[in-house]
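Working notes, structure below.
Computed from heavy atoms alone, side chains included, the values below leave out hydrogens, waters and symmetry copies. So that the names make sense, note that chain A is the first sequence line, chain B the second, and so on, each numbered from 1.
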4 protein chains.
Amino acid sequence: MISEEVLKGMFQPRTTPWRTSITKVEPDRLTTQGYPQEELIGNISFPEMIHLLLKGVLPTKNQEKLLQAILVSFCDHGITPPSTQSARLMASAGSPVNACLAGGILAFGENHAGAIEISMKMLQRGISLSRSENLSLDEIAQRLTNEFTENQRKIPGFGHRYHKEDPRAPRLMELGREYGCFREHSQLAMSIQDILHERKGIKMNIDGANAALLSDLGFDWRVGCGIFIVGRIPGLLAHIQEEKTREDPFRKLLDSEDLKPGNDGINSF
Amino acid sequence: MISEEVLKGMFQPRTTPWRTSITKVEPDRLTTQGYPQEELIGNISFPEMIHLLLKGVLPTKNQEKLLQAILVSFCDHGITPPSTQSARLMASAGSPVNACLAGGILAFGENHAGAIEISMKMLQRGISLSRSENLSLDEIAQRLTNEFTENQRKIPGFGHRYHKEDPRAPRLMELGREYGCFREHSQLAMSIQDILHERKGIKMNIDGANAALLSDLGFDWRVGCGIFIVGRIPGLLAHIQEEKTREDPFRKLLDSEDLKPGNDGINSF
Amino acid sequence: MISEEVLKGMFQPRTTPWRTSITKVEPDRLTTQGYPQEELIGNISFPEMIHLLLKGVLPTKNQEKLLQAILVSFCDHGITPPSTQSARLMASAGSPVNACLAGGILAFGENHAGAIEISMKMLQRGISLSRSENLSLDEIAQRLTNEFTENQRKIPGFGHRYHKEDPRAPRLMELGREYGCFREHSQLAMSIQDILHERKGIKMNIDGANAALLSDLGFDWRVGCGIFIVGRIPGLLAHIQEEKTREDPFRKLLDSEDLKPGNDGINSF
Amino acid sequence: MISEEVLKGMFQPRTTPWRTSITKVEPDRLTTQGYPQEELIGNISFPEMIHLLLKGVLPTKNQEKLLQAILVSFCDHGITPPSTQSARLMASAGSPVNACLAGGILAFGENHAGAIEISMKMLQRGISLSRSENLSLDEIAQRLTNEFTENQRKIPGFGHRYHKEDPRAPRLMELGREYGCFREHSQLAMSIQDILHERKGIKMNIDGANAALLSDLGFDWRVGCGIFIVGRIPGLLAHIQEEKTREDPFRKLLDSEDLKPGNDGINSF
């Protein structure tokens, strides 16, 4: 005979189980954040679903519109990013689509798309500081820009590799105001822009604008890069599709004729 | 003296350059499929942008609504998929968010999410056949189901690992009709469902429903898995975020006490 | 009261557990294929360990030497492969080393490194056919080359993107003979080379040589690409290290000045 | 007419080219670190090639033996690591081998395999400090252990999730002495072990041992994780192969019967 107590002791799960509060899966029932999925499908938009998954609640109409605009702004930046080039290299080499997408995502390093998180972190820290030390946003803006400049670091979210004036940033800020979502993080970002424009003639770029707005929408900086990826994936997919359908497979992107003997010994193409 | 002709001959680029028709990048100007991006931001939805990137044109209002519903239906399936578990394992191990997302995407193999492409391919081939051999959809449905059954292969898009009746499939088909997008691929899928329901009691699942609808929206089967990934990425991100914020790092998902000496020599936990 | 029998029935694990015969892990004991790891460390070479892990037994001395040579031959091919370029793009973008390695590995698609598996599969199928249909290797060689040529497909393992005569292939074949590992797959490959050299002036390349030798070492074609990756990973790592330590971060590999307005409308760099 | 000056202005390369000093690729010639590859193949071992690629020179015989032992020690740790589980999940889902390998590599996060780099960094910093501040290794050992303990951080390279006494660490240290490669980093690690063993009863693990020995072999901490991956890849490959050949595809690793309605509302398996 085995008593209940002994039994419980024997079969104590000794591992931490998989568990989640996001979606409950039962036979014939899928419930996400409390909503049966077949009630969500056709009744909410994709950005509303994204918000529901990440924040646990549906957004207001204005929050939805802003998130929609932010995601659209992330979608594609042509051939120039290393992530798009990596994805296209892999597509050319014949890797399946999911591997090319994964490859593109892996190219988002500290120097590329990491900027959005660093920018969000800076703004969120700035707002914390302004509260805990009872400082105005202008004072915080001064402090942050000085910190970065003294350490000879570029301020994330300002300036741009390709554009003197990133055309997408002012548009996003304008929408932030229009949708009533322009709050303290955006104000702080504008103060920083005033200082940098005066000192160096540079302005906010898309990372800075979206960092400010995503912060004002209540997203923690740690999901910043992830949200960027959600927005950028359709563009990556379009590039992979284009490479696979319009270009010859395994295009010779570097011709061996460039590698003639007699080239400088150790450094060669 | 060097003539222009000789010059062009000398400096013939010997490599195929990067090139794209998706987004043109110039200083201060980003133009996607002909539209300046700052005109798109705030004026089109994220699914409209996705359609624009992949098909080169904006969708109709009804097409947009259907694409929206399809993307929402892809978003999350809880803890059960290997892709979500892989992403969470990596999150637990402390990998950065983008690596976890990439890892989750890599788990979409032939047996997992590959189904949507195989289903689209089957339906698209079926419609081609019906045109070239002038057969009715019912006749094609018979032929396809027989082909798969004779080769002892499961028909992609029907039946499900967890659900006897996938709750999302009928909802999607209903929306397809409501939005006037229910066309030949969907009709073919319904015919196949009739046959399979009679023979084996199984019905269409989400892959089958979306395969039919995406085909009727005009997407080639080769981007099927990619579109699924576009829809699933927000769910993966939510799981990664949850694992990193609510669980201890590097959870012991398999306890060594299970690996006592004396276990069956060669096969052990 | 609960009897042992009822109990076992109730608590039947309904999931397939993780299990392996490769390495048994117990507290303070790690046993790989029956050998305690601390007895292997310092007593066997890395290629012997690789063979032990993949084939379950240690190789003969000659097999070890050949595997060693094969792995050395895989190590690096400079800047030219898309995999190395992808890894360097990611390194430049600041991704951590493991992400860059993963990215490089993802670029091994069907057209790049997939060749070694396709070549092994062809040779292994050829030897099967020669046994089942009692044909000589020359006859099989004829049949295989005709099959590929009639379908206008390149024969995997022969010819090369950069080299008219791949310098590594004859060296490997010579070693195969020297180590007494040159068997039927290698003979078949030589027969194919004779035919192709006569018809098209092309010879075996490294994929073909290693495909033949790995097959004669008894590796199934399905691990061919994996073994190539084992050999190539040190080269990828060296390139990532070089990019991160010797080049500026986030090098502008495509200048926006090339993207002047007035360029041909839709196709642009 | 085009003058030379105008010409140079027009054709100024505006992009940084791909370049490397690792392997020069010319038609029919591959030269790695100055050695023609066909001279390396069959004449040097795989670990010698690894050393040549990463350090630019061939190792001494003793250095080769130690590197060999280190790589063998990295090869496999059974089913327990998240990286191996991720790779097997993907293999089960039907992903191709290279995607599974990439996925396994992506699971090496800060809490898993990152330890070897953190350990190398700590030891290398310790030796720098001992030189610049003219302190003995025992004094440095005290300082480092105090630093970590005061910040409630675990000291990387000591203790282990599964083993009270990692069986591989003493074996590696012994080989380090035998091959005359046991130098200041290893001495520092032994001093730290003495302190920790006294205070907490914990000893060096494989990360600590290899961190010390790789540092004494002259490898910078930034390639530590990469060298671990070079050593671990064969084990990952063996697990992927085993999962694909011995287990049913897409094993149900979590049964839906566990997901009965009535389970605790929000937290469910």
Would C/I227 and D/L237 satisfy side chain to side chain contact (heavy atoms under 4.5 Å, CB included), going step by step from the backbone distance to the final call? CA-CA 8 Å; C/I227 295 176; D/L237 178 61; 4.3 Å; yes
Side chain, backbone, both or neither: which part of C/Y179 has a non-hydrogen atom closer than 4.5 Å to chain D? side chain
Of the backbone (N, CA, C, O) and the side chain (C-beta and beyond), which part of C/L175 lies under 4.5 Å from a heavy atom of chain D, both, or neither? side chain
Looking at chain D, which one of C/R222, C/R88, C/E174 has the largest number of heavy-atom pairs inside 4.5 Å, strictly under? C/R88
Are C/I105 and D/I233 side-chain neighbours, meaning at least one heavy-atom pair lies under 4.5 Å? yes
Would the distance check show the side chain of D/Q37 and the main-chain N or O of C/R168 forming a donor-acceptor pair, the cut-off being under 3.5 Å? no
Measure the spacing between CD1 of D/I41 and OG of C/S73 and express it to the nearest 0.5 Å. 5.0 Å
4.5 Å side-chain heavy-atom contact, D/P234 and C/L53: yes
Shortest non-hydrogen contact between C/C75 and D/F46, atoms and distance: SG-CE1, 3.5 Å
In terms of heavy-atom contacts, does NZ of D/K55 have more than 12 from other residues, nucleotides or ligands at under 6.0 Å? yes
What part of C/V230 lies closer than 4.5 angstrom to a heavy atom of chain D: side chain, backbone, both or neither? both
Using a cut-off of under 4.5 Å for heavy-atom pairs, which of D/E39, D/Q68, D/K244 has the most such pairs with chain C? D/Q68
Could you measure the distance from the CE atom of C/M49 to the CG atom of D/L71? Nearest 0.5 Å is fine. 10.5 Å
Measure the CG-CG distance between D/L106 and C/L101 for me, rounded to the nearest 0.5 Å. 10.0 Å
From the list C/V97, C/L236, C/I50, the residue making the most non-hydrogen contacts under 4.5 Å with chain D is C/I50
Quick one, C/T20 with D/H239, criterion side chain to side chain contact (heavy atoms under 4.5 Å, CB included). Give me CA distance, side-chain angles, the key distance, then yes/no. CA-CA 8 Å; C/T20 180; D/H239 279 274; 3.5 Å; yes
For the residue pair C/Q241 and D/L54, establish whether any side-chain heavy-atom pair is separated by less than 4.5 Å. yes
Run the side chain to side chain contact (heavy atoms under 4.5 Å, CB included) check on D/R171 and C/N43 step by step: do they pass? CA-CA 11 Å; D/R171 174 65 177 146; C/N43 290 324; 3.6 Å; yes
Cut-off 3.5 Å, side chains only: do D/R246 and C/S21 have a donor facing an acceptor? yes
Could you measure the distance from the OG atom of D/S83 to the CG atom of C/N98? Nearest 0.5 Å is fine. 10.5 Å
Given the rule in the side chain to side chain contact (heavy atoms under 4.5 Å, CB included) test, do C/T84 and D/T23 qualify, once you have shown the distances and angles that lead to the verdict? CA-CA 12 Å; C/T84 307; D/T23 297; over 6 Å; no
Could you tell me which non-hydrogen atom of D/G42 sits nearest to which non-hydrogen atom of C/A69, and how far apart they are? N-CB, 3.9 Å
Output for pair (C/I22 CD1, D/I79 CD1), nearest 0.5 Å, gives 7.5 Å
